[in-house]
Amino acid sequence: MPKLDYTLSEEDAAQLQAMRKQRDPVMCFITLQMQQTIAEITKTVKAGDLPEGKTTVDLLRELLTSADDFQNAPCIVVMNYVCVQKLSGAATDKVLAFKWIPDTCRGIKQKMVYSSAWEGFKTMLNSTANIGTSAMFEAQDYDAVEDKLKEM
C-alpha cells in the first residue's frame, strides 16, 4: 500500500490559494499519483472557461457524469460555489472541497488509497488554501453532491 501523506506542488498550492482569494480558478480536480505519493491538479476551470449560461454546478455535473471525464475515476474536487444565504437571500460564495469516489470506480486499491488519504488531505487543504473542514465532504454519486450543495 502506498504512503498516504500526499503533497501538492508549490504551483498547485498557489492555484488553490488564488481560488480562495480571487475566486479564479473556479474549479480544480486533484488526482493522487499513487506511485509517487503526490497529489496534482489534473484539470482546472477558470471563470472565463465556463460556457455562456452555465454555472460552476452545471459544469461539475457534466464532468462527474461524463464517461470521458470523472464518471468512473476518483478525485478530489475543489470549487468556488455560489449560493444564496438562507436568511438574507444575498448571493455569496464559498470554496469547498469533496472527495469523489463514484460507485462505478472499479479499482479497489484506488478507493482504499483515496479513503485512507482523505483525512490528511483535508488537513493539507485547510493549511494550504484555508478551506474549512465544514466545507468538505465525501460523495459516491452526483445526487450526494447535489444534496450536500443544498446544505451549504
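Throughout, residue positions are numbered sequentially from 1 according to the sequence presented. On a predicted model such as this, the values are computed, not experimentally measured, just so you know.
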Under the criterion side chain to side chain contact (heavy atoms under 4.5 Å, CB included), I'd like the reasoning laid out for Asp24 against Val26: C-alpha separation, chi angles, the key distance, then a yes or no. CA-CA 5 Å; Asp24 201 20; Val26 294; 4.3 Å; yes
Look up atom CZ in Phe29 and atom OG1 in Thr44, then write down how far apart they are to the nearest 0.5 Å. 9.5 Å
In terms of heavy-atom contacts, does CD of Glu11 have more than 12 from other residues, nucleotides or ligands at under 6.0 Å? no
Does the side chain of Ile41 come within less than 4.5 Å of Leu16's, by heavy atoms? yes
Less than 4.5 Å apart, side chain to side chain, heavy atoms only: is that true for Cys105 and Gln140? no
Separation of Leu32 CG from Thr7 OG1 (nearest 0.5 Å): 10.5 Å
Mark yes or no for whether Thr128, through its side chain, and Leu125, through its backbone, hold a donor-acceptor pair below 3.5 Å. no
Locate the shortest heavy-atom distance separating Asp69 from Leu63; write the atom from each residue and the value. CB-O, 3.2 Å
Write down the atom of Val77, the atom of Met27, and the distance for their closest heavy-atom approach. CG1-CG, 4.1 Å
I'd like to check Lys148 versus Phe98 (side-chain heavy atoms, cut-off strictly below 4.5 Å). Are they in contact? no
What closest approach, in Å, do Met79 and Thr56 show between heavy atoms, and which atom pair accounts for it? CE-CG2, 3.7 Å
What do the steps show when you test Tyr6 against Ile30 for side chain to side chain contact (heavy atoms under 4.5 Å, CB included), and what is the final call? CA-CA 11 Å; Tyr6 288 83; Ile30 301 168; over 6 Å; no
A side-chain contact here means heavy atoms from C-beta on lying under 4.5 Å apart; do Glu138 and Ile101 qualify? no
What I want to check is whether the side chains of Asn126 and Thr123 have a donor and an acceptor closer together than 3.5 Å. no
Hey, are the side chains of Lys43 and Phe70 touching, using non-hydrogen atoms and a 4.5 Å cut-off? yes
Are Thr31 and Gln33 linked by a side-chain donor-acceptor pair shorter than 3.5 Å? yes
Do Cys75 and Thr42 have side chains that get closer than 4.5 Å, going by heavy atoms? no
Chi angles and distances behind the side chain to side chain contact (heavy atoms under 4.5 Å, CB included) call for Arg23, Val95: CA-CA 8 Å; Arg23 305 302 194 227; Val95 175; 3.4 Å; yes
Kindly say whether Asn80 contributes a backbone atom to a donor-acceptor pair with the side chain of Asp93 at under 3.5 angstrom? no
Nearest heavy-atom neighbours spanning Ala73 and Trp100: O-CD1, 3.3 Å
Nearest-0.5 Å distance that lies between atom CE in Met19 and atom SG in Cys28: 3.5 Å
Do side-chain atoms of Tyr81 reach the backbone of Leu149 as a donor and acceptor pair under 3.5 angstrom? yes
Looking at every non-hydrogen atom in both residues, tell me the closest pair between Tyr114 and Pro74 and how far apart they are. OH-O, 3.4 Å
Begin from the C-alpha positions of Leu50 and Leu59 and carry the test side chain to side chain contact (heavy atoms under 4.5 Å, CB included) through to its verdict. CA-CA 8 Å; Leu50 282 175; Leu59 185 59; 3.7 Å; yes
If you measure from NZ on Lys54 to CG on Leu60, what distance do you get to the nearest 0.5 Å? 12.0 Å
Rounded to the nearest 0.5 angstrom, the OG-CD distance for Ser9 and Gln15 is 8.0 Å
Do the non-hydrogen side-chain atoms of Pro25 and Val45 ever get within less than 4.5 Å of each other? no
I want to check something: taking the side chain as every heavy atom from C-beta on, are Arg61 and Glu146 in contact at a cut-off of under 4.5 Å? yes
Interatomic distance, Gln85 atom CD to Lys94 atom NZ [nearest 0.5 angstrom]: 8.0 Å
Which atom pair, heavy atoms only, marks the closest approach of Ala39 to Leu8? O-CD2, 3.4 Å
